[in-house]
Every structure is written in C-alpha cells, then in structure tokens.
Amino acid sequence: MIWDTHAHLDDKQFNSDRDKVIQRAREVGVKTMVNIAHSEPSSGEAVNIATKYPFIYATVGIHPHNAQSCTEKTWEHLIRLAQNPKVVAWGEIGLDYYRDLSPRDIQRKVFIRQLELANDMGLPVVIHDRDAHGDILQIVKKHPPQEGGVFHSYSGSWEMARELLAMGFYLSFSGPLTYKNARHAVEVVTNIPEDRFVVETDCPYLTPEPYRGKRNEPAYVREVVKKIAELKGIPFEKAAQFSSENAQKLFRLK
Ligand code: NI
C-alpha cells in the first residue's frame with residue numbers, strides 16, 4: 001500500500017478523467033491520496049473531492065504564489081473548511097523566491113499567519129520552499145508548528161535536512177528524485193532515517209521518469225518509491241511500507 005501525500009487532483013487538467021486517474025492509482029497499490037490545496041477555491045475543491053472518496057484526504061491553505069490575494073475573509077473561510085474531519089493538514093504554505101508571484105514581504109506575512117492558524121486548528125503543515133531555504137528555516141524556528149509537518153518535494157541540502165529532521169519534520173520526495181541532475185535529493189534520501197520520509201507526485205506537475213513530459217498522476221508515485229528503494233538498498237515493498245507508515249504518522253491517521 002502506497003500513499004501519494006501531495007496531489008492536486010482538483011486541478012483542471014483532471015476535469016475530463018478524474019475518476020479514471022484515481023482508479024488507476026488504486027489498481028497499482030496507491031491506496032490513499034491527499035489532495036493539497038493552494039488557493040481559497042482549491043481548498044473548497046479539495047474538501048469536496050475528499051468528501052466524495054473515502055480514501056482521499058484534503059488540506060486547506062494558500063500557496064505563496066497566491067499570498068497577495070488573501071484577506072480576513074479568506075482566513076474565516078479556511079478555518080470553517082478545516083473543521084471538516086477529512087482535512088488532515090494546513091497547506092501548501094511557504095515561500096517561493098523562484099517565481100516571486102507575490103511580493104516577498106507579503107509571502108512571509110501570509111506564511112507566518114498560516115503557521116499560527118495551523119497551530120490554532122491543531123493541524124500539521126505542508127511546506128513549499130523554493131529558493132527560500134534561509135528565510136523558511138528562520139521562520140519555522142521562530143513559529144514552530146506544534147503538530148509538525150512536511151517539507152514537500154524537498155530540494156534542500158542534507159545539512160538543512162538534518163536541522164529539519166531535528167525539529168521533527170518529515171521530508172517528502174517526488175518526480176525530480178528520478179531525474180539525472182538530482183544530486184541534493186539523492187544525498188538526502190540516501191542518508192534520511194527510514195521513519196522520516198514520505199512520497200508524493202505533486203501531480204499534475206513534476207512527472208517522474210520514465211513518464212517525464214506527460215501529465216503526472218498518483219499512479220506514477222511508484223517510480224519515486226522505486227528510486228528510494230534503489231538508493232537505500234531495500235526492497236520496493238519495504239520502501240512502500242515505510243513511506244505509508246510515515247504518512248499515517250505525519251497526518252495523525254494511525
Ligand atoms: Ni504542490
């Protein structure tokens with residue numbers, strides 16, 4: 001049994017075949033998926049999808065790209081949605097200094113606000129960190145998530161990973177781990193303890209090899225598990241088992 005801990009099944013790229021995509025995943029052993037929100041509308045969609053399928057969970061939250069669109073009304077709406085029992089985390093939240101689609105000072109303010117909201121709601125957090133390692137580390141140290149959380153599609157160094165692991169975070173790996181230029185992630189996976197990693201697709205983005213160039217979907221998370229098994233020198237089944245046990249602990253579903 002495998003968990004895809006980070007899927008955007010609400011994305012419009014799945015509008016024509018969402019049911020089939022979900023069924024394909026189930027058929028190859030990807031039994032549980034977490035639909036990650038990135039905006040106010042997508043938080044509502046994530047909860048709708050999780051309500052429809054017993055094996056799909058949801059998050060609510062605002063991605064740093066959408067930080068400048070937030071108002072007090074946004075938080076009121078998200079707090080209401082987060083009370084749904086299928087909501088297992090607050091995210092994805094964080095900083096994105098690669099695309100800079102919202103001004104950085106607003107990204108930081110909205111990130112801190114959501115770390116506080118997650119603590120108020122008793123939820124772990126799903127963190128997006130793109131080219132913002134220093135600021136993210138500083139902020140999570142100052143505003144530690146009380147229920148822990150995960151760094152999704154982890155791309156930082158092993159040195160930073162060690163700090164995050166010491167703070168109790170899980171690290172999540174995705175398609176880029178299978179790419180030829182994946183040096184950092186390979187080093188981190190090789191070294192990470194077996195009880196601290198989870199896997200994800202981030203679909204429809206970040207498609208793993210050998211499907212690169214196609215739309216990504218939860219069934220392909222098996223390629224990430226395969227790569228972790230290879231790097232750690234353990235059987236595929238063991239890597240799958242560790243990642244799903246860790247996901248259950250991360251989202252408090254054990
Ligand atoms: Ni994502």
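Just follow the structure's listing: the first ligand is 1, and inside any ligand the first atom is 1.
- The hydrophobic cluster containing Y220 also includes Y211, under a criterion of side-chain heavy atoms closer than 4.5 Å among ILVMFWY residues, counted directly or through chains of members.
- For N246, there are no side-chain hydrogen bond (donor to acceptor under 3.5 Å, both in side chains) partners at least two apart in sequence or on another chain.
- Using modelled atom types, no side-chain atom of N35 and backbone atom of A58 make a donor-acceptor pair closer than 3.5 Å.
- Protein nitrogen, oxygen and sulfur atoms, that is N, O or S, within less than 2.8 Å of the Ni ion (ligand 1) amount to 4.
- Proximity of the aromatic rings of H65 and H38 is defined here by a centroid distance below 6.0 angstrom, and this criterion is not met.
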Quick one: side chains of residues 181-195, donor-acceptor pairs under 3.5 Å with protein atoms, not counting sequence neighbours, listed by atom name and distance.
residue: T190; atom: OG1; partner: V186; partner atom: O; Å: 2.6
residue: N191; atom: ND2; partner: E187; partner atom: O; Å: 2.9

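- Using modelled atom types, no side-chain atom of R130 and backbone atom of R99 make a donor-acceptor pair closer than 3.5 Å.
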